[in-house]
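Below is one structure, written out as C-alpha cells; the observations come after it.
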Amino acid sequence: MPILSQLIVYPIKSCAGIAVEEAQATVSGLCARGVHDREWMLVDGEGQFLTQREYPRMATIRPRIENDALVVTAPGMPPLRLPLALDAGAPLLRVRIWDDEVEAGDCGDAAAAWFRDAVQGACRLVRFRPGLERPTSTKWTAGAPSSARFADAYPLLLIGAAALDEINARMRAAGREALPMDRFRPNLVVAGTDPFEEDYTESLRAGDVVLKPVKPCARCPIPAVDQATGIPGPDPLDILQSWRAKAILDGAVCVGMNCIVFEGAGGVLRVGQELDIALSF
C-alpha cells in the first residue's frame with residue numbers, strides 16, 4: 001500500500017525546509033504549527049524574488065518553529081527570531097514572483113540586515129499577507145481553482161521515493177554520486193509506488209484530503225546545489241535530460257508533479273498515512 005513517507009514545509013522560499021510529522025493541507029499549501037509553506041520570501045531592491053539560483057547560500061539558512069517565533073540560523077550568524085504574530089502595521093512592498101505581482105509585508109531593517117549578511121547580497125525579507133489570494137493558473141488544472149503563497153507555480157510538489165531511486169541508479173551508472181531527496185525540494189514524498197508513477201497519477205486520497213497532480217515540475221539548476229553546504233556541484237540535469245525531458249513543456253527536464261488540493265482543504269496529512277491512488281489510464 002502506498003504511504004505518505006515525508007512531509008516538508010519551507011517557511012522561507014528557497015531556504016531549508018522543516019520535516020514535520022503532520023501538516024494541514026490548505027488550498028495554498030501545507031501549514032504546520034501555524035507556519036505556512038513559502039510564507040516568507042527574499043526580494044531584491046526592486047521587489048524581484050530571490051532564490052538559490054542567484055544565491056545558493058540560501059540553502060544553508062535553516063528555520064525552526066519555536067513557540068511563538070520562527071527561529072532562523074545560518075553558518076556564522078546569530079539566530080534571528082521572526083515573530084509568528086502578524087504585524088498589522090508592517091509597511092507594504094510591491095513584490096514580483098514570475099509573472100505575478102502582490103503586496104507583501106516588509107519584515108523590517110533588522111531582518112533585512114541579517115539576511116543580507118547571510119546571503120552576502122542586498123535583499124529584504126517579506127511576508128505573505130493574510131487574506132490575500134494569489135490564484136494559480138487553471139491551464140493545467142482543467143479549470144479547478146487553486147492558489148499559492150510564494151511557491152513558484154502550484155501549492156504542493158510531490159515526488160515518489162522510487163523516482164529518486166531510479167535517478168540515483170542512473171547517476172551511479174554514470175560515475176556520479178547519488179543525490180538526497182532534498183535536492184528536489186518536495187513537500188510530499190510517497191513510498192510504495194513505481195518509479196515516476198506520479199507522472200500518470202490522477203489523484204491521491206489521504207483520508208478526507210484528495211490531492212490532484214496537475215503539472216510536471218520543470219527543473220532549474222537548484223538540484224545541483226548541495227543543500228547542506230550551499231555549494232553548487234555537478235548539475236544532474238545532464239543525466240536526467242536523456243529520459244526526463246518533457247515535450248509538453250518544450251523539452252524541459254521534469255522531476256515531480258505540482259499538485260493542488262482538490263477536495264478536503266483544511267484536512268490533516270500525516271507521515272505514514274496510507275494513500276488511495278487513482279491512475280490516469
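Because the structure is predicted, anything quoted here is derived from the model rather than measured.
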Salt bridge [X]-[Y], side-chain N to carboxylate O under 4.0 Å:
{"X": "D238", "Y": "R176", "value": "yes"}
{"X": "R219", "Y": "D235", "value": "no"}
{"X": "E21", "Y": "R270", "value": "no"}
{"X": "D44", "Y": "R96", "value": "no"}
{"X": "R127", "Y": "D87", "value": "no"}

Can a donor-acceptor pair be found between the side chains of R62 and T73 at a distance below 3.5 Å?
no
Going by atom types alone, do Q273 and E22 pair a side-chain donor with an acceptor below 3.5 Å?
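No donor-acceptor contact under 3.5 Å links the two side chains.
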Rounded to the nearest 0.5 Å, what separation is found between the [atom1] atom of [X] and the [atom2] atom of [Y]?
{"X": "I159", "Y": "I167", "atom1": "CD1", "atom2": "CD1", "value": "7.0 Å"}
{"X": "C15", "Y": "L42", "atom1": "SG", "atom2": "CG", "value": "5.5 Å"}
{"X": "D37", "Y": "T26", "atom1": "CG", "atom2": "OG1", "value": "9.0 Å"}

Any side-chain heavy atom of [X] sitting closer than 4.5 Å to one from [Y]?
{"X": "V95", "Y": "F49", "result": "no"}
{"X": "V72", "Y": "F115", "result": "yes"}
{"X": "L279", "Y": "T201", "result": "yes"}
{"X": "L93", "Y": "R124", "result": "yes"}

Should we say atom [atom1] of [X] is surrounded by more than 12 heavy atoms from elsewhere, each under 6.0 Å from it?
{"X": "E177", "atom1": "CD", "result": "no"}
{"X": "D208", "atom1": "CG", "result": "no"}
{"X": "F196", "atom1": "CZ", "result": "yes"}

Among V27, T141, L156, side chain to side chain contact (heavy atoms under 4.5 Å, CB included) partner for I260
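Only one option passes, and that is T141.
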Is the positively charged end of K13 above the ring of F150, judged by distance under 6.0 angstrom from the centroid and angle within 45° of the axis?
no
